[in-house]
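Presented below is the structure to which this report refers.
What's counted below: heavy atoms across the whole structure, side chains too, no hydrogens, waters or symmetry copies.
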Number of protein chains: 2
Amino acid sequence: MSALSTHTRAPLSRSRIATAALAIVDREGLDALSMRRLGAELGVEGMAVYRHFPNKAAILAGVVEVLLAKLVIPPPSDVPWQAVFRELSHTYRALLLRHPHAIPLLAALPLSDPATARAAGAVMAQLRAAGFDAQSALKTLATITSYVIGVAQWEVGTAPYRSAGARGSFVLPPAADPYLVELLPQLAADDCDDTFEFGLDVIVRGLEARS
Amino acid sequence: MSALSTHTRAPLSRSRIATAALAIVDREGLDALSMRRLGAELGVEGMAVYRHFPNKAAILAGVVEVLLAKLVIPPPSDVPWQAVFRELSHTYRALLLRHPHAIPLLAALPLSDPATARAAGAVMAQLRAAGFDAQSALKTLATITSYVIGVAQWEVGTAPYRSAGARGSFVLPPAADPYLVELLPQLAADDCDDTFEFGLDVIVRGLEARS
DNA sequence: ACCTGAACACCGTTCAAGT
DNA sequence: ACCTGAACACCGTTCAAGT
């Protein structure tokens, strides 16, 4: 076997490009990702990327792929479904919070994307093994996915309030409703993990009540 | 009072611009909204818009304002909280589904935006009147908002599957998980209103079990 | 085979100039 | 006072040309 000649930079590849794109999104936000910026990150002209991806949408799909590959979903076991449900929710939530700028990409939920389909399939396997019938499993998947993504977005959207609260300077909207004003300090001091747990409990108990 | 002289076009105004922007988003999607395109819609050069809005982000906030103004939230009454909760969820859901391309704008949930704060305050008033303490009311608001927006996004994201199912042509991702494949026909035939109701029941029952 | 450079039709935004 | 036109620094995308 021949020794690999070490050039100044590794050759371009789908995964190297997608990983670089995720790095830009994580550091500078979704809007900062452009073909030319991506090329610069890779030490190449932006147009070289078109050898590996047909367009920008395909690159964003590649970023989703990279993200969901990080989502380790354990194989079905005989653990009670409540525990499985809670653990999957926490795992997914942790992934979203590690990549807050990428949440809108995952919110789109394109099941036609192989990476999304693989992850959804793994969760379905868990739910079916836990005794859910096909229809309930699908509706439960929809419910939990919607909730976890929704909360992550709420969290990012209300972050300014919490940091304002930490600084003691509230961003009071003019003529805000008194009921909301009453709650602003509470919102500012809100423990998001706690709020997430509140809703997760609500959903688990609701599912128990249904079955 | 003087008769209004009818010129070829009405003068520019914040609300006229925001309404035109929403119309473009509804018809052609978020990406189609540009300053020049917006100007054309109003019969004006795109740069004229800068007289009324400092930048494009402000215009998007204006679109959120127009959308949330459509959200009629009734004043508190002595109706059981479960009914109030369900009705608010349905009203919000209906608004989102009437403007599917605008959902990402509402998902961001900037409470510092007066329009968002007003709507959130009105819902808080309902929950407080229904007997929720301040903390539970806030966490409940977070839960329901997250769920309704999350489901709407799930629905938009899985729409290709349902229309493919209607045409009888499935978009099968290569090497999809067998558990998911089993469920694809079900997903394609899914009644989204029904799935939404499933999760709403789950949450209402869960909230009942907590109190 | 893989990357570059120039080009095209767009962007958001600024600002001097017109009326 | 309100809008326009030209300009600036960017976009995504295509494609002939380079090595």
Side-chain angles (χ1 to χ4, degrees), chain A residues 2-65 101-102 104-105 108 110, chain B residues 2 4-65 101-102 104-105 108 110 113:
Chain A
S2 65
L4 290 169
S5 62
T6 318
H7 276 78
T8 41
R9 60 171 197 254
L12 242 37
S13 71
R14 273 187 63 89
S15 78
R16 227 167 72 79
I17 292 172
T19 303
L22 175 58
I24 294 172
V25 170
D26 280 345
R27 286 200 311 267
E28 304 170 35
L30 263 180
D31 289 347
L33 181 63
S34 74
M35 303 303 277
R36 288 165 174 89
R37 175 78 186 72
L38 180 53
E41 181 88 5
L42 292 159
V44 110
E45 294 300 308
M47 298 72 194
V49 172
Y50 284 95
R51 287 275 140 195
H52 300 85
F53 290 90
N55 50 44
K56 194 180 176 181
I59 293 170
L60 293 177
V63 171
V64 168
E65 202 175 335
H101 291 130
L105 297 180
Chain B
S2 64
L4 290 169
S5 63
T6 320
H7 276 76
T8 40
R9 61 171 197 254
L12 240 40
S13 71
R14 273 187 62 90
S15 77
R16 226 167 72 77
I17 292 171
T19 304
L22 175 58
I24 294 171
V25 170
D26 280 346
R27 285 201 311 267
E28 304 170 38
L30 264 180
D31 289 347
L33 181 63
S34 74
M35 302 305 275
R36 288 165 175 88
R37 176 77 186 72
L38 180 54
E41 181 88 5
L42 293 159
V44 111
E45 294 301 308
M47 299 72 193
V49 172
Y50 284 95
R51 287 274 142 195
H52 299 85
F53 290 91
N55 50 43
K56 193 180 177 182
I59 293 170
L60 294 176
V63 170
V64 169
E65 202 175 335
H101 290 130
L105 297 181
D113 182 300

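B:R14 CZ to B:I17 CD1: the interatomic distance, rounded to the nearest 0.5 Å, is 8.5 Å. Remark: A:L22 CG to A:S15 OG distance equals 12.0 Å, nearest 0.5 Å.
Applying the side chain to side chain donor-acceptor pair (under 3.5 Å) test to residues at least two apart or on different chains, none of the pairs has a partner in residues 44-53 of chain B.
Here B:A61 pairs with B:D113 under the side chain to side chain contact (heavy atoms under 4.5 Å, CB included) rule; sequence neighbours left out. Annotation: side chain to side chain contact (heavy atoms under 4.5 Å, CB included) contacts of B:E41 (sequence neighbours excluded): B:A20, B:A23, B:I24, B:R27, B:R37.
Residue A:V63 comes nearest to A:A21 through the heavy atom pair CG2-CB, 3.7 Å, listed as atom of the first residue, atom of the second, then distance.
The interatomic distance linking B:E45 (CD) with D:dT4 (C1') rounds to 6 Å, in whole Å. Distance B:H52 NE2 to D:dA1 P: 13 Å, rounded to the nearest Å.
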What string of B, S and - do you get for nucleotides 6-19 of chain D, 5' to 3', when a contact is any protein heavy atom under 4.0 Å? BB---BBBB-----

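Under the 3.5 Å distance criterion, the side-chain polar atoms of B:H101 are left unmatched by any main-chain donor or acceptor of B:L30.
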If pairs are Watson-Crick or G-U with both distances under 3.5 Å, what is the dot-bracket string of DNA chain D, marking crossing pairs with [ ] and pairs to another strand with |? ||.|||||...|||||.||

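Within residues 20-27 of chain B, no residue places a heavy atom under 4.0 Å from DNA chain D.
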When the side chains of residues 53-60 of chain A are checked against the rest of the protein, which donor-acceptor pairs come out under 3.5 Å, sequence neighbours left out?
residue : atom : partner : partner atom : Å
A:N55   : OD1  : A:A57   : N            : 3.3
A:N55   : OD1  : A:A58   : N            : 3.0
A:K56   : NZ   : A:L33   : O            : 2.8

